[in-house]
Amino acid sequence: MSPKIIAIESSCDDTAVAVINNGKILANVVSSQTIHKQYGGIVPELASRDHIQNILPVVEEAVERSGIALSELDAVAFTRGPGLIGSLLVGAAFAKSLSLALNIPLIEVNHMVAHVLAHFIDDPKPEFPFICLTVSGGHTQLILVRDHLDMEIVGQTRDDAAGEAFDKSAKLLGLEYPGGPLIDKYAAQGDPYSFEFPEPDIGGLDFSFSGLKTSILRTVQKMKKEDPDSIDNNLEDLSASIQHVIVTILLKKMTTAGKKFDVDQFAIAGGVSANSGLRSRFEALGKERGWKTFIPKFEYCTDNAAMIAITAHYKYKASQFASLDTKPSARLKFEA
Ligand code: KG4
Ligand code: ZN
């Protein structure tokens with residue numbers, strides 16, 4: 001059995017399509033929307049409209065690049081959620097139409113499970129069980145992964161996601177949306193110990209970033225009052241200090257989770273796993289503690305359809321198909 005599957009991802013502001021053959025990615029196309037920049041955040045209505053415009057050309061490009069004919073496909077997969085409902089509906093409706101037209105089964109994929117399974121696209125792959133820290137614009141989760149389709153959230157954020165913490169801090173520094181990559185860029189030139197921001201005081205494996213946001217806001221307001229140019233003049237040091245505290249918070253909880261579940265394999269996933277500070281400190285921590293660490297390729301960190309395709313591959317093998325009336329869900333429950 002070597003399933004050939006087309007996978008569609010449209011949960012947020014990227015229209016993405018991938019084709020996979022027996023677990024090997026043959027095409028992985030992403031069209032990222034740029035229209036939201038001018039609004040300082042994603043405008044859901046505009047995102048849905050853009051998906052409608054992009055979806056057919058992106059599907060056509062992915063199919064062409066894969067070298068596989070539509071008639072050879074064995075299944076069509078789509079992101080069911082979580083995400084923006086208007087965006088999800090576009091991908092779901094397209095996938096269902098394709099499934100009907102080609103008379104092939106439909107597979108629904110949870111976007112957060114797919115971020116974890118992005119680690120099974122290329123070698124080396126983690127062994128079970130492992131802990132995956134999934135950090136994106138909408139989520140911050142510690143996941144205990146027992147098998148491809150058997151995983152559980154053991155810790156998550158109580159307020160902002162790590163990506164939001166980056167983006168909101170960047171906004172306070174006057175940077176464009178999405179500010180995460182910009183903080184990363186400026187941080188490379190700054191001193192991470194020049195400003196001190198507090199770590200939240202919550203036990204267990206949950207995260208909280210709202211106190212940090214308030215503390216950064218206060219610092220920025222105070223600095224601006226003393227000197228209106230002080231933020232620009234300290235952009236590198238501020239970015240480095242903000243990045244440092246966010247990464248410290250993430251890695252401390254990950255370490256606690258590892259101890260609790262007696263795990264020595266760790267992975268990071270999601271858009272924030274593209275952060276160079278997180279990547280390098282995660283690797284260093286792994287070396288220090290003798291962990292096996294797994295970091296996805298950049299293209300598989302942020303939203304993409306290859307991760308939807310690999311998840312669909314495992315679901316196909318487990319005969320987990322969806323009916324045509326499966327509804328997309330903005331707050332889809334984490335289940336795998
Ligand atoms: O997984 P993703 O592409 O989309 C969601 O599902 O949310 O994650 C997007 C998030 C944004 O908050 C963005 O600022 C953040 O990932 N991000 C980064 C970096 N690259 C993307 N944050 C910090 N450093 C980066 N290099
Ligand atoms: Zn994502």
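Counting starts at 1 for both ligands and their atoms, following the listed order. All residue numbers refer to positions in the sequence shown, counting from 1.
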Out of curiosity, is [X] lining ligand 1, as in a heavy atom under 4.0 Å away?
| X | value |
| --- | --- |
| Pro181 | yes |
| His111 | yes |
| His139 | no |

Any atoms of ligand 1 less than 4.0 Å from a non-hydrogen atom of [X]? List them with their elements.
| X | value |
| --- | --- |
| Ser136 | 1 (O), 5 (C), 6 (O), 7 (O), 8 (O) |
| Gly138 | 7 (O) |
| Thr302 | 3 (O) |
| His115 | 1 (O) |
| Gly163 | 12 (O) |
| Ala274 | 20 (N), 26 (N) |

Is the closest side-chain donor-acceptor distance between [X] and [Y] under 3.5 Å?
| X | Y | answer |
| --- | --- | --- |
| Arg281 | Thr248 | yes |
| Asn275 | Gln243 | yes |
| His111 | Asp303 | yes |
| Asn22 | Ser2 | no |

Distance from Met254 atom CE to Leu278 atom CG, nearest 0.5 Å?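 CG of Leu278 is found 7.5 Å from CE of Met254.
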
Would you say the side chain of Leu175 lies within less than 4.5 Å of the side chain of Tyr186, judging by non-hydrogen atoms?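 With C-beta onward as the side chain, the pair touches.
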
What protein heavy atom sits nearest [atom], and how far away is it?
| atom | value |
| --- | --- |
| atom 15 (C) of ligand 1 | Val272 CG2, 4.0 Å |
| atom 7 (O) of ligand 1 | Gly137 N, 2.8 Å |
| atom 22 (N) of ligand 1 | Gly180 CA, 3.5 Å |
| atom 20 (N) of ligand 1 | Gly271 O, 3.5 Å |
| atom 26 (N) of ligand 1 | Asp184 OD2, 2.8 Å |
| atom 13 (C) of ligand 1 | Asp167 OD1, 3.8 Å |
| atom 24 (N) of ligand 1 | Asn275 ND2, 3.0 Å |
| atom 4 (O) of ligand 1 | Asp303 OD2, 3.2 Å |

Check against ring pair (Phe, Tyr, Trp, His ring centres under 6.0 Å), Phe94 and Phe78: CA-CA 9 Å; Phe94 196 95; Phe78 71 102; over 10 Å; no

Are Phe128 and His148 an aromatic pair by the rule of ring centers under 6.0 Å? yes

Looking at Phe261 versus Phe266, is the centre-to-centre ring distance below 6.0 Å?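 No: the rings miss the under 6.0 Å criterion.
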
How wide is the angle at the Zn ion (ligand 2) between NE2 in His111 and OD1 in Asp303, to the nearest 10°? 90°

Under 3.5 Å, side chain of Ser87 to main-chain N/O of Gly83, donor-acceptor pair present? no

Lys NZ or Arg CZ of Arg279 over Phe298 ring: under 6.0 Å, within 45°: yes

Mind checking whether the Zn ion (ligand 2) has an N, O or S of His115 under 2.8 Å?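 Looking at His115, which is the residue asked about, there is an N, O or S atom under 2.8 Å from the Zn ion (ligand 2).
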
Under the criterion side-chain contact (heavy atoms from CB on, under 4.5 Å), which of Ile131, Ile202, Thr140 is the partner of Lys253?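 Of all the options given, the one that passes is Ile202.
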
